[in-house]
Amino acid sequence: MSTFQAPKGVSEYFPPISEQFEYVRDQLLKTARLAGYSLIELPVFEDTEVFTRGVGESTDVVSKEMYTFEDRGGRSITLRPEGTAGVMRAVIEHNLDRGQLPVKLFYTGPFFRAERPQAGRYRQFYQVGIEAIGYNDPEIDVEVIAVADSAFKALGLKKYKLNITSLGDAKSREAHRKDLVKFIATLKLDESTIVRARLNPLRLFDDKRDEIRSAMTKAPLLLDYLSPESSEQFERVKALLTDIGIAYEIKPTMVRGLDYYTGTTFEFDHQMLGAQSGIGGGGRYDGLMSSLGGADVSGIGFGLGVDRILMACQAENSLPALINQIQLFIAPITQAGKSYAFKLLSELRSSGVTCDMAYGDRALKGAMKAADKSGAKYGLVIGDDEISSGKCELKLMSSGEVISSSLKLSELINRIGNK
RNA sequence: GUGGGCGUAGCUCAGCUGGUAGAGCACCCGGUUGUGGUCCGGGAUGUCGCGGGUUCGAGCCCCGUCGCUCACCCCA
């Protein structure tokens, strides 16, 4: 008999790690809500053109990493490889940018890229992202960065770094690109690198080979080509970051994989991760809306990798030991005890107490063992004695101490409900 | 798409120069007619990834294949 395996390269979470995953994702969402962002829930697939036009044909993501297929109506559909293009599609479609600006949205869910998997890189992975649409304002740039940074801090992360740069406006980039292409033409490069450079000359700044790295140290930097407006914007962003105590490093050679980025651009890197160390990144995308057929409205946002952030938390051992702890676990004896316990659980749960019991026909020892394994705070035995007296012994599982030796069952909810 | 490493019990792995499988953890039962974690005793579990070849004999050697993994590339 053959069995099944999950498709290649997907991340799956089940207990106990799924508890950590949920905790990490919720922490990220909470931080976004704290800054006034609201949920936008979107499909995981879109018209392929949303991405080819939004993200850019020349990017690796679009040219070779998309899950694209034809649906039954002959439409070309693509599983979303990133979040921003879809959000912009929805903003345009539903005229969300017609009201008061900025529009501040957050999203979460799975994303898909058909890459070769490796540590921290999956074909289905999870992101939490936010988008602030409507103004090109340094304060908003910094707010977005700060949301990511405080989410990381809330998760107890320490060993990460923020890299920022500015890609300037279209004029700045054009002038720089011209000179950069000229410079690259003077280098001796192999075929595939030349192809890469033609698609996006900035890519060479990210090459890991020593000879190319050292050659590129003499290359012209985009930061030196910023227009006065772009330059001023970037200066204010840096000043504001300093004001609110966020450390950063300027990385003039930073390259992002999506074509829509303009102006302020940033990445968070974790030091204990491995080759795929980026835990989040984003930037301004001032031409994206109009290129998707919307108004000429600017925006900025980020995408955070939930899978990688979870790995970072594990590496730093920063997560609480007990997540979603069960309050009470009941070990029943005899069928009567079992029935009684079952009914009691129903009442406790109605009052918001997280609780569980031992099922099956286990001996008391086995039932207590189950209580232990559940990680519950309190343990309780229910048998004939408890039923006839209406009283029980409430036990603190961590120490074994009996908290109350004859607690009325009717008072159980009051006793542990708010503790 | 290109490289490297690895596939043995649920998990982590051992298995010598080829002689038809083992440990630890986890799980279940008992020692304690109704109180877990420690300790002691007992128990179940494997087509040794799959297919072929060499051999009297293959977990081990050879070929193929599938899968996993790490890295390049790229990125969350």
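In what follows, chains are A, B, ... by sequence order, proteins preceding strands, each numbered from 1. Heavy atoms only: backbone and side chains are in, while hydrogens, waters and symmetry mates are out.
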*Electrostatic pair A/K153:A/D149 at N-O distance under 4.0 angstrom*: yes

*For the residue pair A/D269 and A/N163, confirm or rule out a side-chain donor-acceptor distance under 3.5 Å.*
no

*Which one is paired to B/rG22, where only Watson-Crick or G-U wobble pairs with both distances under 3.5 angstrom count?*
B/rC13

*So does A/E249 pair up with A/K161, basic N to acidic O under 4.0 Å?*
yes

*Length of the CD1-P vector between A/I382 and B/rU35, whole Å*: 16 Å

*A/D269 CG - B/rA76 C1' separation (whole Å)*: 11 Å

_Which residue lies more 5' along RNA chain B, comparing A/K369 with A/E82 via nearest heavy atoms_ = A/K369

_Electrostatic pair A/R284-A/D141, nearest N-O below 4.0 angstrom_ = yes

*What one-letter contact string describes nucleotides 64-74 of chain B from 5' to 3', where B marks a base within less than 4.0 Å of any protein heavy atom, S marks contact via sugar-phosphate atoms alone, and - marks no contact?*
---SS-SBBBB

*Residue pairs involving residues 121-154 of chain A (criterion ring pair (Phe, Tyr, Trp, His ring centres under 6.0 Å); sequence neighbours excluded)*: A/F21-A/Y126, A/F152-A/Y160, A/F152-A/F268

*Picking from A/H270, A/Q271, A/K158, what satisfies side-chain hydrogen bond (donor to acceptor under 3.5 Å, both in side chains) with A/E316?*
A/H270

*First of A/L364 and A/D361 reached from the 5' end of RNA chain B, by closest nucleotide*: A/D361

_Within the 4.0 Å heavy-atom criterion, would you say A/F111 contacts the bases, only the backbone, or no part of the nucleic acid?_
nothing

*Quick one: which of B/rA76, B/rG34, B/rG36 gets closest to the side chain of A/F125?*
B/rA76

*In whole angstrom, give the distance that lies between atom CG of A/N163 and atom P of B/rA76.*
14 Å

_Does a side-chain N or O of A/K373 approach OP1 or OP2 of B/rC27 to a distance below 4.0 Å, or not?_
yes

*asked:* Applying the Watson-Crick and G-U wobble criteria at under 3.5 Å, what pairs with B/rC74? Answer none if nothing qualifies.
replied: none

